[in-house]
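Okay, so here's the structure we're looking at.
Scope of the values below: all heavy atoms of this structure, side chains included, with no hydrogens, waters or symmetry mates. All values reported here derive from a predicted model rather than from experimental measurement. Note that ligands are numbered from 1 as they come in the structure, with each ligand's atoms numbered from 1 the same way.
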Amino acid sequence: MDKDLFKKVVLSLAGLLVGLVIAVYLSTQLNPAGGSEATLGGAANISVDGVSDDIVQAALKTYVPPGQLDEYYMFASGGHSGNVFVYGVPSMRRIRTIPVFTPESSVGYGWTAESKEMLGEWSWGDVHHPALSETGGDYDGRWLFVNDNANSRAARINLDSFRTSQILEVPNIYGPHSAVFMTPNSEYFMMGSRFAGPIPYGTYSPIENYSKDYKGVLAAIAINQESGEMNIGWEVLLPPWSYDLSDAGKLDSEGWAFLTTYNTEEAYELLEVNASQREMDYVVALNWKLLEQAANEGKFEMVEGVKMIDPLDVPGSIYLIPAMKSPHGVDVTPDGKYIVANGKVAPVATVFSFEKFMECVNNKDFQGEERGFPIINYEKVRVAEVPVGLEPLHTQFDGNGYAYTTLFIDSTIAKWSLDTFEIVDVTPVHYCPGHLCAAEGDTVDPDGKYLVSLNKLAKDKFLSVGPSHPESAQLIDLTTDKMKILMDVPTDPEPHFAQMIKADKIKTFEVFEKDPNRLGAVYEKENARIERDGNNVTIYQMSFRSRYYPDHVEVNEGDHVTWYVTNTDFDEDITHGFGITRYDLNMEVQPGETQKFEFVADRAGVYPFYCTNFCSALHQEMQGWFIVKPKGQQKT
Ligand code: RUQ
Ligand code: CUA
């Protein structure tokens, strides 16, 4: 028997067993009313009294038995928690919280010297949109980038360690909500502004000068292909409109970026009404390769240390495509041929042809201009207005020729054909979906297996926790003709966008390697030590099952303390914590890793420290004393 066939047989036998266990369990739990026969891989019929066939099938499709792993990772934005949440699909188990813009004491993020420096002066952030790195328009599993809509920052998470490794402040942008979206070979990710404001930061201009002095900005953040290091490549000035979540062109449309806008009315009060006056706003089509070239040729001014390009100096870099009334998300189809703009205030998803757009550009076939940018002739580029329903927000793809659009007001997801532009299926979701996430659903090669609806409201879906409820995510099966909801899970605020990547694309490492050149690292007891240089004390400490070495440390009140801890256990998952009581210090040190605290010992007394991660049978004994001698008692 060949290996694959053998695996299939083993798996279907295992599946059968699991199914039987569930069936027996369910039959003991539920009223025997009516009955159901579920067919398991054609191998057996499972009849469960009182349980519909749908429920049995859904349970079988989402149950990941002990010892088996999920097929996908889903990285979901944690909104104003400042975090990223990692789920396994199809089990929808939350595997990890990755702190990004907010301190998280469970891993010492915000207390270690390195993470404290990364977080800088801000104590919160607002993560909206994750973007996985790409090669050839497909996820490659190297890095995940996210935006901070509140404090105009970008962050990189290394996917070999699931840790935030860099935070970059992006000047000149007020609230980069239209972010982050990735170019097909991770040359850049882009960040476009939600708010307009005078630049640089700190410039005063009264609100009446909105149209003249307030600017929109898009930043192109360049990615070092070896290290993932982010640097600001260049920025481009935009009209003072609001830019929403955008997408980069791919394949046919590679080299372009598409941003939806609202408030082209340039209203600065009562936006709810005044920003919805026009029947049409725009999709801004931006030729990033041309702008990159302009940056290389010196066609920019330096603003806050950043190359700022005025697009009017680079003819052909920006075109406006009329799009229906305050559109929200814009998504490029997997083949790069169509651009789908979701209406928000109009009940349609509008499909534009990239080929026809290029024809208009080449023939200078415009219907006018605004703020010096040519307006493309709407009738010539629009191929369909798909009547998806009320308040369409975002669209994803399955790779089988279908698109899926969330309808916020209708509380549904509409499935429609990219060939006939007809709606083929609609499923209710609970409730008010914003984004949705299909398996690799925004790449050139979507998997089409699962879809997750990221819903803003979850009233009555979970046990009540008071007036405010969690948000909800619903897993939907895309392998059947009709979309089928398989399960609901609660999520923390706020599920904006998520991306789902095949699990085998991510390669994590198991332990930090021994590196005698690493600053502060010690691996042998004879090297562990406390050094003093005037008021500066440096501690080189080891942690291993089940002690610290040294396990008491004495300093003088007022000393500046640099405290390195190296975990010399090179076993996967043997993490030691290190918390100093009543000194507001806590960290984790992963296997083989060195971490550092820097602080001033400004209070005298005795402060026990201990290991906060349960690591061994004698974990409770893993402790020591930090002793600070009062000023008056120190010898000079
Ligand atoms: S945009 S819910 Cu913040 Cu992601 Cu559409
Ligand atoms: Cu080390 Cu507990």
Side-chain angles (χ1 to χ4, degrees), residues 76-80 106 108 125-131 146-150 175-181 191-195 242-247 259-262 326-331 340-345 349 391-396 405-409 411 413 429 431-437 442 452-457 471 473 491 493-499 541-549 551 565-569 571 573-579 586-593 595 609-624:
S77 103
H80 44 293
S106 68
D126 189 4
V127 177
H128 275 244
H129 306 113
V146 296
N147 68 330
D148 172 11
N149 183 59
H177 175 249
S178 156
V180 300
F181 61 100
M191 305 178 75
S193 53
R194 168 177 174 181
F195 311 111
S242 292
Y243 301 88
D244 230 314
L245 182 59
S246 309
D247 204 359
L259 296 81
T260 38
T261 60
Y262 60 96
S326 302
H328 191 67
V330 55
D331 300 277
V340 180
N342 297 291
K344 189 167 81 188
V345 186
E391 198 159 350
L393 292 183
H394 296 280
T395 298
Q396 292 258 294
T405 301
T406 48
L407 288 316
F408 182 86
I409 292 177
S411 276
I413 289 174
V429 291
Y431 306 91
C432 300
H435 280 272
L436 71 179
C437 160
D442 61 355
V452 174
S453 177
L454 298 157
N455 309 316
K456 305 294 189 190
L457 300 175
E471 273 70 70
T491 64
E494 156 119 30
H496 292 277
F497 190 36
Q499 285 182 326
Q541 189 181 47
M542 292 160 59
S543 66
F544 48 89
R545 280 166 291 182
S546 300
R547 68 178 296 193
Y548 296 100
Y549 192 87
D551 54 11
V565 185
T566 301
N567 180 346
T568 56
D569 279 316
D571 290 313
D573 203 22
I574 301 303
T575 295
H576 296 294
F578 180 60
N586 179 51
M587 64 156 95
E588 69 159 22
V589 196
Q590 295 190 358
E593 189 184 29
Q595 284 280 24
F609 56 77
Y610 69 105
C611 175
T612 44
N613 283 49
F614 213 111
C615 55
S616 68
L618 296 174
H619 152 83
Q620 201 68 8
E621 280 76 1
M622 194 165 172
Q623 66 175 58

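- Around atom 1 (Cu) of ligand 2, the two atoms SG of Cys615 and ND1 of His576 are separated by an angle of 100°, to 10 degrees.
- In this structure the side chain of Met622 reaches within 4.5 angstrom of the side chain of Tyr548, judged on heavy atoms.
- Across the listed options His435, Glu494, Lys456, His394, His435 owns the non-hydrogen atom lying nearest to atom 4 (Cu) of ligand 1.
- With Thr395 as the partner, the side chain to side chain donor-acceptor pair (under 3.5 Å) test is satisfied by one option alone out of Asn342, Asp247, Asp442: Asn342.
- Judged purely by distance below 3.5 Å, without hydrogens or angles, the side chains of His328 and Asp244 pair a donor atom with an acceptor atom.
- When each of His435, His496, Gln499 is tested with His129 by the rule side chain to side chain donor-acceptor pair (under 3.5 Å), just one qualifies, namely His435.
- Distance check for Met622 against atom 2 (Cu) of ligand 2: none of its N/O/S atoms falls below 2.8 Å.
- Ring centroid separation for the pair His576 and His619 does not come in under the 6.0 Å cut-off.
- Residue His128 has at least one heavy-atom neighbour below 4.0 Å for each of these atoms of ligand 1: 3 (Cu).
- Taking every heavy atom of His496 and a limit of under 4.0 angstrom, the matching atoms of ligand 1 come to 3 (Cu).
- Counting only heavy atoms of the protein, atom 3 (Cu) of ligand 1 lies nearest to His177 NE2, 2.1 Å.
- Distance check for His328 against atom 5 (Cu) of ligand 1: an N/O/S atom falls below 2.8 Å.
- Considering all non-hydrogen atoms of both residues, Ile574 and Asn567 come closest at O-ND2, 2.9 Å.
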